[in-house]
Amino acid sequence: MTTTPDTAAPARRVGRLRLAAVIMRAGLRSQLANRADFAMAVANGVTYQITVLLFATVVFSRFPSLGGWGLGEILLISSIRMLGHGLYMLFFGNLGLIPHLLREGRFEAFRTRPAPVLLQVFTYEAPINALGDLVVAGASLTVCLSLLDITWSPAAVCFLVVAVAAAAVIELGLNLHIAGLVLRFRGSESLFFWLDNTAGNFGNYPLSVFPAVLQGAFTFGIPIAFAGYYPAAWLTGHADTVPVSPLLVHLAPLVALLAVLSGLVVWRRCLAWYSRNG
């Protein structure tokens, strides 16, 4: 028995991508139409990230070294994490809008269009505040590189680029879990804020300054340490001081892959449940 190849599948995929592009352009135009709103969105991203850096500066004014890490080295941790966060917000930050879309009844429209629901969420509107996040993260990286004596070989540069990409994917994976839970349990939207707050409070510092229980939680439970700390440990020569094993400094890409794959599984299962019961 032979099967006929589905020659229409590529055309359908192209059509879905075009639809998503149209939706994204419409969202971007609507936000750019009001320059004051655009400026406020960028300023919001700048303000939040500057607050994070100011807190770190205050800490260092009292403690010049934390767990054997200097100012430039800790700024590298926060810069990797913030660059990853900015990329996450730029491409996937609309996940945090799902509770709003559900309350307004707009999520239902996504399920009737010929495009993946998740893609429609990602392209719902242009997350302008991500530009502010990226500006501050880039400035932080510039400052920390001026403070560090690192030989930037091609391998080190590639490692840094992969680390930033992995940080963005890890955040995507964690938020996909939460987005799925929001579809399944309507009172769980506060987890978006909790995750962002936890990453901002704990993800910018060496893991060694925290109790062992938090070291394990941020490595094997909610792996925010792979979104900054572990890659920075390799780049700054602290690999031999990390908890458990020095091999962890190389595992950010693998952790990112596992996080996003498990997040997609949770999202699809919860979306299927929502389609039956929502």
Discussion item. Any non-hydrogen side-chain atom of N201 less than 4.5 Å from a side-chain atom of N197?
Written reply: yes
Practice prompt. Please examine the side chains of V265 and L261, heavy atoms only from C-beta on, and report whether any two atoms are closer than 4.5 Å.
Written response: no
Practice prompt. Could you tell me which residues satisfy ring-ring contact (aromatic ring centres under 6.0 Å, His included) with F192, sequence neighbours excluded, listed by chain and number?
Written response: none
Discussion item. Do L76 and L141 have side chains that approach each other closer than 4.5 Å (heavy atoms only, starting at C-beta)?
Written reply: yes
Worksheet item: If you look at every heavy atom in L87 and A168, which pair is closest and at what distance?
Response: CB-CB, 4.0 Å
Response to the item:
Taken in chain and number order and not counting sequence neighbours, the residues that satisfy side-chain contact (heavy atoms from CB on, under 4.5 Å) with P154 are none
Worksheet entry | R106: side chain to side chain donor-acceptor pair (under 3.5 Å) partners, not counting sequence neighbours | Y124
Worksheet item: Please, which pairs that meet side-chain hydrogen bond (donor to acceptor under 3.5 Å, both in side chains) have at least one residue in residues 251-260, sequence neighbours excluded?
Response: none
Worksheet item: What are the two closest non-hydrogen atoms of A232 and W69, and how far apart are they?
Response: C-CH2, 3.9 Å
Fill in: Validation row: L264, L176 side chains within 4.5 angstrom (heavy atoms)
yes
Worksheet entry | Heavy-atom neighbours of D240 CG exceed 12 at 6.0 Å | yes
Worksheet item: Has the side chain of S78 got a donor or acceptor atom that lies under 3.5 Å from a matching backbone atom of N204?
Response: no
Worksheet item: Partners of S190 by side-chain contact (heavy atoms from CB on, under 4.5 Å), sequence neighbours excluded?
Response: none
Practice prompt. Please list, chain by chain and in numerical order, all residues satisfying side-chain contact (heavy atoms from CB on, under 4.5 Å) with R184, sequence neighbours excluded.
Written response: C270, W273
Extract all donor-acceptor atom pairs below 3.5 Å that involve side chains of residues 219-231 and protein atoms in other chains or at least two apart in sequence.
from	atom 1	to	atom 2	distance (Å)
T219	OG1	Q215	O	2.8
T219	OG1	Y230	OH	2.8

Item to complete: Taking all non-hydrogen atoms of both residues into account, name the closest pair between F110 and V117 and its distance.
Response: O-CG2, 3.9 Å
Fill in: Residue list, side-chain contact (heavy atoms from CB on, under 4.5 Å) with F185, at least two apart or on another chain
L181, S188
Discussion item. Between E73 and I77, is there a side-chain heavy-atom distance shorter than 4.5 Å?
Written reply: no
Practice prompt. Among residues two or more places apart or on two chains, list those pairs meeting side-chain hydrogen bond (donor to acceptor under 3.5 Å, both in side chains) that have a residue in residues 160-177.
Written response: H85-E171, Y88-N175, H177-S262
Item to complete: Is it possible for you to say whether V162 and L90 belong to one hydrophobic cluster, with membership spreading through side-chain heavy-atom contacts below 4.5 Å?
Response: no
Practice prompt. Give a yes or no on whether L191 and F193 share a hydrophobic cluster (residues Ile, Leu, Val, Met, Phe, Trp, Tyr; joining criterion: side-chain heavy atoms under 4.5 Å apart).
Written response: no
Worksheet entry | Exercise: identify the closest heavy-atom pair between L207 and P243 | CD2-CG, 4.0 Å
Could you pull out all donor-acceptor pairs under 3.5 Å where a side-chain atom in residues 246-259 meets a protein atom, sequence neighbours excluded?
none

Discussion item. Give me the atom names and distance for the closest heavy-atom approach of G180 to W267.
Written reply: N-CE3, 4.0 Å
Taking only distance into account, with no hydrogens and no angle test, what donor-acceptor pairs under 3.5 Å do side-chain atoms of residues 92-103 form with protein atoms, sequence neighbours excluded?
from	atom 1	to	atom 2	distance (Å)
N94	ND2	V121	O	3.1
N94	ND2	F122	O	2.9
N94	ND2	E125	O	2.8

Worksheet entry | E108 (side chain) donor-acceptor with G105 (main chain) under 3.5 angstrom | no
Worksheet item: Hey, is the main chain of A115 close enough, under 3.5 Å, to the side chain of Q120 for a donor-acceptor pair?
Response: yes
Response to the item:
Quick note, ring-ring contact (aromatic ring centres under 6.0 Å, His included) partners involving residues 129-155, not counting sequence neighbours, are none
